[in-house]
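Single-structure report; data block below.
Below, chain A is the first sequence line, B the second, and so on; all start at residue 1. Below, all heavy atoms of this structure are taken into account, side chains as well, without hydrogens, waters or symmetry copies.
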Amino acid sequence: MIYDPYSVFEKEVEGLVKHAVKELYDLELLKIDLEEPPPGHGHLAFKCFELGRRLEIRPDVVARQLKDKIDKMKKECIERVEAERGYLNFYAHVERIAAIVGESISIVGEKYGFNPSLAPKNIIVEFLSANPVHPIHIGGARNAILGDALARLLEWRGHKVRRHFYVNDMGRQVAIAAFGYELLGRPKPWTKPDHAIGFIYATTSCLLEIKRLKEELNLARRYGKDMEYRSKVKELDEWVGVAARLRERNEEMFDRLVDSFNKEAEPERKISFIMKLYEEKDPDVVKLIREVCELCIDGFKETLSRVSIYFDSFDWESEITAWSGLTQEVIRRLEATPYVAYSKGTMIFLANEVVKDYDLGEKFGVPKGFEVPPLTLMRSDGTTLYTTRDIAYTIWKFRHANTVINVIGAEQKVAQLQLRLALVALGYKQMAENLIHLGYELVKVPGMKMSGRTGQYVTLDELLDESIRRANAEVQARSPGLPDEERKRIAEIVGIGAIKYSLLAVSPSKPVTFVWEQVLNFERNSGPFVQYAHARAHNIMVKARERGLKPHLHPEQLRDPLEKELVMMVAKWPNIVKKASDKLRPDILCEYVNDLSMVFNSFYDKLPVIRAESRELGEARLWLVNVIRVVLKNCLGILGIPAPTRM
RNA sequence: GGCCCCGUAGCUCAGCCUGGAUAGAGCACCGGCCUUCUAAGCCGGGGGUCGUGGGUUCAAAUCCCACCGGGGCCGCCA
């Protein structure tokens with residue numbers, strides 16, 4: 001069974017080169033590095049520079065000698081070989097490749113591209129895990145869309161994947177939101193629940209900040225610290241501005257919250273108390289906190305269902321790590337290692353010592369000269385901290401999987417490293433090695449400082465609304481005849497596709513600069529562009545069926561350079577899946593699918609299928625169109641972008 | 001101060017890991033193409049000191065060093 005037609009071609013080229021080198025120079029090459037030549041120079045190239053240096057023969061001479069040798073050898077998927085400068089260029093036998101694709105697709109059918117690994121893993125992908133105190137914003141959207149695409153990409157590589165959402169219900173943020181919620185008398189949400197909680201959280205945070213700054217201001221004035229005083233005044237001004245903006249959003253709620261807040265003598269202490277009681281599983285506090293979190297998560301689910309993202313499991317931090325006693329066990333066991341010390345009344349984990357003792361610097365990618373900072377394991381009041389609980393959570397995850405991928409912002413790099421080092425200290429070296437932090441950079445919105453604490457963010461809900469609104473206008477303009485119902489359905493698909501594509505197309509390590517005009521551009525290099533190509537391919541299939549034309553592969557009929565290029569591109573699809581999956585890089589799919597769509601559009605424009613010159617040619621082209629349709633559909637599917645049949 | 005990521009066309013991004021053939025797309029701009037499978041399309045055009053300066057190499061956007069600019073981390077936040 002051939003899942004990956006392109007690799008057949010690659011392997012043959014490798015074999016020929018190896019064989020020829022052996023025969024000509026009596027040299028065993030272990031690894032053959034092949035690359036893609038520029039257009040017009042074949043399909044795979046072997047560079048003869050390094051070999052030439054080893055043999056002390058000019059590379060162009062090596063290339064010619066190899067060509068002469070290979071010319072005499074038997075070839076399957078290779079039409080010819082050319083020596084050009086220091087390169088040996090292999091031209092694929094496109095007809096044979098087409099036949100292999102045909103064979104493969106006749107077996108796997110609509111699943112074409114599925115390319116199972118020889119060592120399938122049991123993987124938990126943890127992603128999104130947004131704090132349940134505000135709506136999902138653009139940064140969270142990148143995480144969700146990336147994690148979701150990644151999960152599917154891994155499944156297409158034959159891995160067993162489960163999607164987990166870690167509910168951080170034990171953090172300070174949640175306690176703040178719960179405190180505010182309580183001050184308001186646990187109101188019924190007056191809007192989408194996560195937006196309501198987001199408002200309460202931001203307002204409460206803001207009031208806390210203002211109170212703190214006022215107190216610090218008084219101290220600074222009393223002790224005549226002029227510089228400090230002025231900087232605090234400035235900071236206070238900013239928060240007062242934040243307060244004003246929040247009040248504009250909902251005067252009634254804002255004022256009510258201020259009133260109750262001002263009656264509290266020591267809000268900070270109360271918040272700490274909430275956290276402590278929750279960790280101790282005090283029933284009243286549990287009810288309060290759960291109520292806040294559930295409201296927020298209900299909002300998340302509503303938003304996520306719009307973009308078809310679902311989780312197999314919502315893992316409550318409190319249950320898994322604290323109430324189960326697992327975190328305490330982790331602390332006890334860490335305490336028994338030589339890597340725990342006490343500093344200012346708290347317990348700390350000496351992460352850097354683990355790096356040194358186990359010589360993990362290189363393995364874990366610790367930069368030279370970088371001291372991994374110690375990790376504080378507990379607060380002085382005995383409550384635990386996030387990363388400490390995350391150690392427990394990770395151990396829990398490994399009870400259900402052998403590989404864990406955490407899709408978490410790059411800013412948590414150090415914490416993720418400390419986590420892995422703690423696992424090593426606990427004797428779980430294997431876990432530490434199979435724990436992958438897929439860090440991604442944040443989404444920048446020009447002219448806006450996003451922050452949940454100040455309530456300043458572009459939410460995924462708004463983003464979707466705007467994109468769909470825009471798509472609706474676009475569909476209206478382009479296909480005026482459509483009934484309302486269908487127009488709306490298409491607008492939804494297009495609007496969502498545009499957003500997902502734009503957030504997926506940038507490699508995770510790069511910050512995305514969010515520009516509305518860019519995201520809502522429905523032309524080339526966009527989700528809708530690819531969706532359009534799919535709709536076109538689909539439409540040709542429908543029209544052909546109506547006219548009784550059936551797809552049939554006649555390899556010799558596909559002679560146009562565009563047809564050949566398309567055959568090579570679809571042959572490569574399973575190989576792209578492999579590469580993107582193993583590198584955890586969905587953006588590679590975006591690039592590929594965009595290229596495929598471009599070439600397909602040129603083909604569409606130039607070469608008629610239904611009205612082809614002959615029946616055979618029509619059947620062959622229809623076969624090609626069908627493969628392209630399957631590839632587009634599957635690639636969009638992995639990316640989580642719906643593939644419309646009409647636009 | 002230490003460390004990490006990023007810097008490629010006016011704008012948004014590929015390419016860098018694994019050095020080699022004229023540095024690729026898209027947007028915007030200019031000019032063409034709808035009696036023929038949907039023009040969200042196609043064809044053509046202009047536009048680049050690959051942040052700067054060194055180094056390694058026959059060969060550097062790619063590797064090394066320094067510096068500059070943007071972001072991030074170094075917390076009894078998550």
Determine, stepwise, if the pair W623(A) / H552(A) fulfils side chain to side chain contact (heavy atoms under 4.5 Å, CB included).
CA-CA 5 Å; W623(A) 173 86; H552(A) 194 274; 5.8 Å; no
Nucleotide of rC76(B), rA40(B), rC37(B) approaching E523(A) most closely (side-chain heavy atoms)
rA40(B)
Closest approach to the side chain of K510(A), judged atom by atom: which nucleotide of rG7(B), rU22(B), rG20(B) is it?
rG7(B)
At 4.0 Å (heavy atoms only), tell me whether Y532(A) reaches a base, stays on the sugar-phosphate, or touches nothing.
base
Indicate, yes or no, whether a donor-acceptor pair under 3.5 Å links the base of rC17(B) to the side chain of K583(A).
yes
Does this structure show an ion pair linking E209(A) with R212(A), if we count only N-O contacts that are shorter than 4.0 Å?
yes
From the options rG41(B), rA21(B), rA40(B), select the nucleotide whose nearest atom is closest to the side chain of R536(A).
rG41(B)
Under 5.5 Å centre to centre and under 30° between planes: does that hold for F49(A) and the six-membered base ring of rA59(B)?
no
Under 4.0 angstrom, heavy atoms only, what part of the nucleic acid is D595(A) near: base, sugar-phosphate, or nothing?
nothing
For R389(A), report the nucleic acid contact type (base, sugar-phosphate, nothing); a contact means any heavy atom under 4.0 Å.
sugar-phosphate
Taking the basic N atoms (NZ, or NE/NH1/NH2) and the acidic carboxylate oxygens, is any pair closer than 4.0 Å for E10(A) and K572(A)?
no
Reckon V494(A) touches a base, only the sugar-phosphate, or nothing at all at heavy-atom distances under 4.0 Å?
base
Which label fits rC67(B), syn or anti, where anti is any glycosidic angle not within 90° of 0?
anti
Name the nucleic acid region contacted by A45(A), choosing base, sugar-phosphate or nothing; use a 4.0 angstrom heavy-atom cut-off, strictly under.
base
For a quick check of understanding: with a heavy-atom distance under 4.0 Å over all strands, which category does D33(A) fall into, base, sugar-phosphate or nothing?
nothing
Pair N525(A), Y501(A): side-chain N/O donor-acceptor within cut-off below 3.5 Å:
yes
If we require ring centres under 5.5 Å and near-parallel planes under 30°, does Y604(A) stack on rG41(B)?
no
Check ion pair E492(A)-R489(A) (N to O, under 4.0 angstrom)
no
Determine the contact category for K606(A): base if any of its heavy atoms lies under 4.0 Å from a base atom, sugar-phosphate if only primed atoms, P, OP1 or OP2 are that close, otherwise nothing.
nothing
What integer number of Å spans the C1' atoms of rG48(B) and rG55(B)?
25 Å
Candidate nucleotides rA21(B), rC74(B), rC37(B), ranked by approach to the side chain of P373(A) - the nearest:
rC74(B)
Rounding to an integer number of angstrom, what distance separates rG31(B) and rU8(B) when you compare their C1' atoms?
28 Å
Between rA23(B) and rG46(B), how far apart are the two P atoms, rounded to whole Å?
14 Å
Could you pick out which residue, Q418(A) or K444(A), lies toward the 5' side of RNA chain B when each is mapped onto its nearest nucleotide?
K444(A)
For the residue pair Y87(A) and F49(A), does the interplanar ring angle fall in the parallel (under 30°), tilted (30 to 60°) or perpendicular (over 60°) class?
perpendicular
Classify Q173(A) by what it touches in the nucleic acid, base, sugar-phosphate, or nothing, heavy-atom distance under 4.0 Å.
sugar-phosphate
Taking the same atom, P, in rU22(B) and in rG41(B), what whole-Å distance lies between them?
31 Å
I'd like the P distance from rA25(B) over to rC64(B), given in whole Å.
28 Å
What does P608(A) touch in the nucleic acid at a heavy-atom separation under 4.0 angstrom: a base, only the sugar-phosphate, or nothing?
base
Which part of the nucleic acid, if any, lies within contact of K413(A), taking any heavy atom under 4.0 Å across all strands shown: a base, the sugar-phosphate backbone alone, or nothing?
sugar-phosphate
Give R611(A) one of three labels, base, sugar-phosphate or nothing, depending on what nucleic acid heavy atoms sit under 4.0 Å from its own.
sugar-phosphate
When you measure from the side chain of F370(A), which nucleotide among rA14(B), rG2(B), rG41(B) comes out closest?
rG2(B)
Considering every strand and a 4.0 Å limit on heavy-atom distances, what is the contact class for L520(A): base, sugar-phosphate, or nothing?
nothing
For rC42(B), does the base pair up with any side-chain atom of S602(A) as donor and acceptor (N or O, under 3.5 Å, distance only)?
no
